Amino acid sequence: MRRREFVVGALGAGLAASNVLDSIIPGAPAAGGTASASQLRTAIPFGAAVRVDYLADQFDYKTAILEHCQMVVGEGGLKWIDLRPTRDDFVFDQPDRLIAFAEANGMKMRGHTLAWYGAMPDWTQQIASEAEAEGELVRHIEMVVGRYKGRIPSWDVINEAIADHPTPDSPYRESIWQQRLGKRFVELSLRTAAAVDPDVQLVINDYAIENPTGQCRAKREALLNMLRDLKDRDVPLHAVGIQGHLLGDQEIDKDGLSRFVEAVAAMDLEVLVTELDVIDNKLPASTYDRDQIAAATANDFLRAICDVKRPGAILTWGITDRYTWVPMWFTRDDGKPNRPLPLDVNYRPKALMQVIEEYTRVPA
Ligand code: XIL
């Protein structure tokens, strides 16, 4: 039995009534039998960002996803740049193919992402007024969340809303939504998504909160302030996505990250690890050394989170070093290929995969 089937089987076993299962895999199938408490505690679902075109024509890639993942998220496909080539068009080909793959293989699919500053088609720069921005954002969310209602159980509604260097007077990152609507684009997006699908897990997703730097401390504080404001005003919100694009050459602020997770949990919010990978551009040339450092960094990161609250899922941003976004921004001076993900370019598990399995496997 493949690890994935065992985990889903153990999780699905007799947990239908428990809300724990919904916090693990919202809407997971019920099944007979019972999972042990220890299985429940350690069976954190694992998933990966997927390039859906490769599922069709790369056997090894598809096999790796089937072998290791209980969840998938489109690396693309549900971003405005892919979905909305023009103001009047919605192109659902990629997410339709990915949801079909997920459902055919007993996997859950996450939606990424509804409101982001990045990957926006040029026409959105023509959105000129607050009223026009509200109309376009609401229409987009209603069309997209509505299409996958009951099939995508968890959405990154808001992605990277906090500025890279937030200040108390200016915590939010520039985007067409923030420029036209101010911070209310966050509440508008969450309320619209909840109105379309009351059962969907609404997630605010961000990055660079895990290091002992002034920037990370400022981002943690700004993100917590936003979350508290939303919760105080009863804005629908269920979870925080910690992306986890870890800088391999920087230590993890284990106390700072644990305190952040404590504060999130105190707001009755779930935690997800949504885009884990280890950026190794400043690590030693030796692949063995890099892999060991990457694994140790990821372990510190996951330990700091899991010691406080069990994440609802752990997803990496890709499954194999063969296909990763990292060299888009973080190439190595020595020209060697990056090694950020759990499997190497030939789909062989690395030390990072062993660390992830320590947190996601179900004990024998
Ligand atoms: C990246 C994809 O991996 C690239 O293929 C694409 O060109 C740009 O976006 N944080 C996020 C993701 O939330 O959506 C980004 O994905 C990586 C950083």
Side-chain angles (χ1 to χ4, degrees), residues 47-55 58 61 65 69 71-85 91 93-95 97-98 109-122 124 140 144 152 154-164 172-178 185-186 189 201-211 215-216 219 223 226 239-248 271-281 298 301 311 313-331 337-343 345:
V50 170
R51 297 182 181 180
V52 69
D53 290 344
Y54 297 163
L55 290 176
Q58 302 203 27
Y61 182 78
I65 296 294
C69 297
M71 302 176 78
V72 291
V73 58
E75 185 171 359
L78 283 170
K79 294 170 179 172
W80 281 63
I81 196 77
D82 305 310
L83 208 48
R84 304 294 307 279
V91 178
D93 169 63
Q94 285 190 54
R97 282 188 281 136
L98 185 55
M109 177 174 168
R110 297 207 64 243
H112 178 86
T113 177
L114 296 171
W116 190 29
Y117 75 92
M120 293 295 281
D122 290 344
T124 57
H140 181 86
V144 179
I152 292 182
S154 177
W155 271 99
D156 289 336
V157 177
I158 306 295
N159 195 39
E160 303 180 356
I162 301 299
D164 262 345
Y172 289 82
R173 179 192 295 272
E174 285 276 297
S175 69
I176 189 67
W177 310 122
Q178 194 272 341
F185 85 92
V186 174
S189 301
Q201 183 186 52
L202 305 173
V203 182
I204 286 180
N205 195 41
D206 220 313
Y207 73 103
I209 62 164
E210 58 271 346
N211 301 124
Q215 178 192 16
C216 285
K219 286 200 73 170
L223 185 50
M226 176 171 73
V240 174
I242 303 174
Q243 288 187 7
H245 293 300
L246 307 181
L247 300 174
V271 168
L272 303 176
V273 174
T274 52
E275 305 184 16
L276 179 60
D277 53 22
V278 182
I279 296 167
D280 65 343
N281 60 324
F301 170 78
I314 295 173
L315 297 100
T316 50
W317 203 245
I319 191 75
T320 169
D321 295 339
R322 183 181 291 255
Y323 305 119
T324 167
W325 76 296
V326 167
M328 286 178 70
W329 299 96
F330 305 99
T331 52
N338 300 97
R339 296 175 64 88
L341 287 167
L343 305 180
V345 292

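Just so you know, these numbers come straight off a predicted model, no measurement behind them. Counting starts at 1 for both ligands and their atoms, in listed order.
- The shortest heavy-atom distance from Y207 to ligand 1 is not under 4.0 Å.
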Criterion ring-ring contact (aromatic ring centres under 6.0 Å, His included) on H245 and W329, from CA distance to verdict = CA-CA 12 Å; H245 293 300; W329 299 96; over 10 Å; no
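- For ligand 1, the atoms lying closer than 4.0 Å to a non-hydrogen atom of N159 are 11 (C), 13 (O).
- Closest to atom 9 (O) of ligand 1 by heavy atom, among M328, K79, E75, is K79.
- When each atom of ligand 1 is checked for a heavy atom of H112 under 4.0 Å away, the hits are 11 (C), 12 (C), 13 (O), 14 (O).
- Distance check: Q215 CD to I209 CD1 gives 11.5 Å after rounding to the nearest 0.5 Å.
- Every atom of ligand 1 is numbered from 1 in the order shown, and the set under 4.0 Å from a heavy atom of H245 is 10 (N), 18 (C).
- Stacking of R51 on the aromatic ring of Y323 is not recorded, the 6.0 Å distance cut-off and the 45° axial limit not both being met.
- Nearest protein neighbour of atom 11 (C) of ligand 1, counting heavy atoms only, is E275 OE1, 3.0 Å.
- Atom CD1 of residue I65 and atom CD of residue Q58 lie 11.0 Å apart, to the nearest 0.5 angstrom.
- Between W317 and H112, the distance separating the two ring centers is shorter than 6.0 angstrom.
- The structure places CG of L78 at 5.5 Å from CD1 of I152, a figure rounded to the nearest 0.5 Å.
- For ligand 1, the atoms closer than 4.0 angstrom to any heavy atom of E160 are 10 (N), 11 (C), 13 (O), 18 (C).
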